[in-house]
Structure formats: structure tokens, C-alpha cells
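The figures that follow rest on heavy atoms only: side chains count, while hydrogens, waters and symmetry mates do not.
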Amino acid sequence: FKEEGVNLRVISGDNPVTVSAVAMRAGLKDWDKYIDARTLPEDIEELKKVVDKYNIFGRVTPHQKKDIIKALQANGHTVAMTGDGVNDVLALKESDCGIAMANGSDATKAVAQLVLLNSDFGALPHIVEEGRKQINNLERVAELFLSKTVFFVCLAFIFSALMLPYPLLPIQASLVGSCAIGIPAFFLALLPSKGRVKGGFLRRILTTSIPNGVLMVSFTTVGYVMSYLSGDSVEVSRSIALLIFAGISLIILIRLSFPITKFKLVLVIGMISCVVLCYITPIGREVFSLSPLTIREWIMAGVFIVLSWPLISITVKGARVL
């Protein structure tokens with residue numbers, strides 16, 4: 001739990017000195033910070049001021065256990081409570097996650113969200129690690145998919161207003177959906193992630209995905225319109241638009257892959273190579289309806305892609321501040 005950044009409290013009905021001694025032998029941090037619960041204030045507001053000062057609580061009644069949980073929650077903590085007796089029921093119900101032992105009382109197991117079937121506390125760190133992996137990876141993958149969704153919604157409105165040919169064919173959109181979103185998301189969702197879960201999940205996703213989508217649609221539209229109005233065919237203009245869209249999507253993928261590991265590096269390089277191969281090989285151009293691009297057109301698309309990097313970084317920093 002120390003490695004996972006989880007703070008531990010021991011709430012017991014036994015003598016606080018005895019509980020402290022057991023906590024010391026177990027290796028609990030700050031085992032010497034103990035208090036007799038009979039000296040704790042009954043008012044929740046007063047209890048909030050002292051509850052974070054102690055790690056060991058002794059002589060605690062069932063109602064006091066509940067109050068301690070409420071005070072910790074009022075101080076901004078997400079609280080999980082473990083117990084096996086009837087005297088733990090109130091605290092288990094009040095906690096954000098109630099965890100009961102399989103050999104505990106039926107009442108305890110009935111109110112708990114999680115029951116340890118082997119009655120072994122050793123499983124809890126693995127549960128925390130797995131939960132964090134699922135939530136953090138979901139946030140990472142959701143940004144990829146929502147950025148794409150915002151892009152296509154905005155693109156549809158823009159080109160309906162401009163009355164110009166749509167800049168992407170369905171088969172072309174599937175190239176980006178596979179190489180920059182679908183395939184990487186599958187692997188990123190399975191990778192370990194031990195970062196702490198932060199609040200504001202939906203807010204962070206929206207404040208990064210919406211700017212990402214708007215940025216992609218802005219650069220893609222400008223690149224397409226510039227090419228189309230300069231006299232290039234619709235096929236060439238679509239190829240340029242797709243390249244810009246794919247490039248910015250890959251920029252987002254690279255950012256989400258930090259910190260870079262060998263596996264992530266291979267994954268990103270592989271996805272970039274797939275997109276490039278589709279442009280430079282005859283079979284790739286045939287399958288995805290792409291036209292050969294000149295050096296000038298490659299440079300133009302590259303400029304848009306490179307410019308997107310600092311802008312995406314700015315939006316991410318802004319989202320973190322929010």
C-alpha cells in the first residue's frame with residue numbers, strides 16, 4: 001500500500017497501546033500516532049480537525065467508526081473500510097468501498113461491496129493496482145476516441161456549410177481509425193498503470209478531447225480547402241486532408257504514450273509506418289483511394305502536423321489547470 005500511495009488507518013475496539021504495538025510489528029507507517037477514541041470530539045466538524053493527525057484509533061465504538069469514516073471523507077479522502085464483525089457494519093455502509101472477509105458475519109458481507117473469498121488482506125494491494133490500471137487506461141483510451149468523435153461531428157457541420165465535397169472517404173477514415181486509434185487503444189488499455197486515480201474524470205476528458213478535435217478539424221479543413229482552391233483534384237485534396245488528420249492523431253497518440261517504454265515506442269513507430277506505407281506503396285494507395293503527393297504537398301501537410309504539437313500541449317496544460 002505504501003508503494004501505491006494509499007494511507008492506512010487502524011480503527012479498533014481494543015486498547016490503543018496494544019493496537020499500536022501490533023501496527024509496529026506489521027510495519028505500519030507512523031504506528032506511534034495513536035489515540036483513545038473516548039477522547040475524540042463527537043461533533044463531525046471538530047473531528048475533521050483531528051482525524052488526520054492519527055493513524056491508530058483504539059477503544060472505538062461502532063458509531064465512532066462511522067463518524068471517523070465521515071470525517072475522513074469530509075477532508076477529501078476516498079475511504080475504503082475492511083472489517084468482519086457486526087460492529088463494522090455502520091462504517092462499511094458509510095465508506096466509499098466496503099470490504100468484508102468471507103469468514104466474517106453475514107451482516108458484514110451483506111453491506112459490503114467486495115468480499116475477500118479467501119479472507120486474505122494480501123489481495124487488496126492487487127485490487128487497488130488493477131483498479132487504477134483500468135481507470136487510468138480508460139481515460140487514456142477515451143481521449144483517443146472522443147477526439148475522433150469531435151473531429152467528425154465538426155467536420156460534418158463545416159462542410160455542410162461550405163458546400164464543398166466531403167474531405168474524407170469512409171475507407172480513408174478507417175485508416176486513421178485503425179492505425180491511430182483502434183489498434184493502439186487495444187494495447188494501451190492492457191498496459192500496467194500505477195498512477196493515482198484523480199477526480200474530475202469526465203471534465204479532464206472533455207477539456208482535452210474537444211480542443212483536440214477542434215484543432216484536428218481546423219488544420220484538416222484549412223489544408224483541404226487550400227489544396228482544393230489551388231486547383232488540385234478532389235482526390236489529391238482528400239489525400240492531403242487525410243495525411244493531416246492522421247498526423248495529428250498520431251501526435252495525440254505519442255503524447256498519450258508517455259512515459260515511453262520499449263513496447264510503446266515499437267507500437268507508435270509501427271502505426272506511423274503503416275500510415276506512411278499506405279501513401280508510398282501502390283497497393284496502399286489503391287486500397288485507401290489515395291493519390292501520389294508531391295514534395296510541396298508533403299511539406300504543407302508536415303507543417304500543419306508539426307504546428308499541432310505545441311498547440312495540443314497547451315490544451316493539455318490548460319485541462320490540468322482546470
Side-chain angles (χ1 to χ4, degrees), residues 1-6 78 80 96-97 99 113-118 120-152 171-213 216 245-278 284 288 305 308-309 312-313 315-317 319-320:
F1 276 124
K2 187 187 301 183
E3 292 174 358
E4 295 292 338
V6 178
T78 300
D96 297 291
C97 180
I99 305 169
Q113 286 90 11
L114 185 67
V115 177
L116 301 177
L117 295 180
N118 57 359
D120 181 12
F121 283 115
L124 291 178
H126 302 292
I127 294 172
V128 172
E129 181 180 349
E130 184 66 22
R132 289 181 172 181
K133 183 183 81 170
Q134 298 296 334
I135 295 173
N136 290 331
N137 287 345
L138 175 63
E139 181 174 340
R140 182 182 293 113
V141 169
E143 185 175 336
L144 285 174
F145 284 97
L146 286 180
S147 297
K148 174 190 172 186
T149 301
V150 173
F151 169 82
F152 279 110
I171 188 64
Q172 293 173 337
S174 67
L175 173 63
V176 179
S178 299
C179 294
I181 301 171
I183 296 173
F186 173 79
F187 291 103
L188 290 176
L190 300 176
L191 293 178
S193 179
K194 294 187 177 182
R196 296 190 66 175
V197 176
K198 301 176 182 178
F201 175 87
L202 183 60
R203 184 183 68 251
R204 285 198 310 278
I205 290 296
L206 294 179
T207 52
T208 54
S209 300
I210 294 176
N212 286 348
M216 285 193 293
F245 174 38
I248 299 177
S249 297
L250 290 169
I251 291 291
I252 296 172
L253 173 62
I254 293 171
R255 186 187 63 77
L256 292 176
S257 298
F258 282 98
I260 293 290
T261 61
K262 289 183 179 179
F263 178 80
K264 291 179 181 177
L265 182 62
V266 171
L267 178 64
V268 170
I269 292 175
M271 296 301 99
I272 294 174
S273 300
C274 287
V275 174
V276 173
L277 285 173
C278 290
F288 294 101
I305 295 169
S308 69
W309 179 275
I312 289 174
S313 300
T315 59
V316 171
K317 290 179 181 179
R320 288 173 179 171

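Across all their heavy atoms, V128 and V6 have their closest contact at CG1-CG2, 4.2 Å. Summarising the geometry of L146 relative to S209, their closest heavy-atom pair is CB-OG, 3.5 Å, with the distance given to 0.1 Å. Shown here for F288 and C278, the closest heavy-atom pair between the two residues is CE1-SG, 3.5 Å. Minimum interatomic distance between I210 and V150 (heavy atoms only, all atoms of both residues): O-CG1, 3.9 Å. Nearest approach of S257 to V268, heavy atoms of both residues: OG-CG2, 3.7 Å. A pairwise comparison of heavy atoms in I305 and G247 identifies CD1-CA, 3.6 Å as the closest pair.
Proximity of a side-chain donor or acceptor of T207 to a complementary backbone N or O of R204 within less than 3.5 Å is detected. The backbone N or O of I312 lies less than 3.5 Å from no partner atom in the side chain of N212, so there is not a single donor-acceptor pair. In terms of modelled atom types and a separation under 3.5 Å, the side chain of S178 and the main chain of L175 share no donor-acceptor contact.
Environment of CZ in F186: sparse, with no more than 12 heavy atoms of neighbouring residues, nucleotides or ligands closer than 6.0 Å.
Evaluation of the side chain to side chain donor-acceptor pair (under 3.5 Å) rule for Q172 yields no partner, not counting sequence neighbours. Residues meeting the ring pair (Phe, Tyr, Trp, His ring centres under 6.0 Å) test with F263, sequence neighbours left out: F187. Every residue two or more places apart in sequence or in another chain was checked for a ring pair (Phe, Tyr, Trp, His ring centres under 6.0 Å) with F121, and none qualifies.
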*With side chain to side chain contact (heavy atoms under 4.5 Å, CB included) as the test, would you mind laying out the steps for I252 and T208 before giving the verdict?*
CA-CA 10 Å; I252 296 172; T208 54; over 6 Å; no
*Stepwise side chain to side chain contact (heavy atoms under 4.5 Å, CB included) test for I269 and S273*: CA-CA 6 Å; I269 292 175; S273 300; 4.0 Å; yes
*Verdict with supporting geometry, L191 and T261, side chain to side chain contact (heavy atoms under 4.5 Å, CB included)*: CA-CA 11 Å; L191 293 178; T261 61; 5.5 Å; no
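Residue L277 holds its CG atom at 9.5 Å from SG of C179, rounded to the nearest 0.5 Å. Put simply, CD1 on I254 and CG on L267 are 10.5 Å apart, with the number rounded to the nearest 0.5 Å. L256 CG to I251 CD1: the interatomic distance, rounded to the nearest 0.5 Å, is 11.5 Å. Here the straight-line distance linking atom CG of L253 with atom OG of S249 works out to 9.0 Å at 0.5 Å rounding. Rounding to the nearest 0.5 Å gives a distance of 8.5 Å between CD of Q113 and CG of D96. The CE atom of M271 lies 5.0 Å from the CD1 atom of I183; values are rounded to the nearest 0.5 Å.
With respect to R132 and E129, no salt bridge is recorded, no charged nitrogen being found less than 4.0 Å from a carboxylate O.
Taking the six-membered ring where tryptophan is involved, the planes of F245 and F151 are essentially parallel, since the angle between them stays under 30° and well short of 60°.
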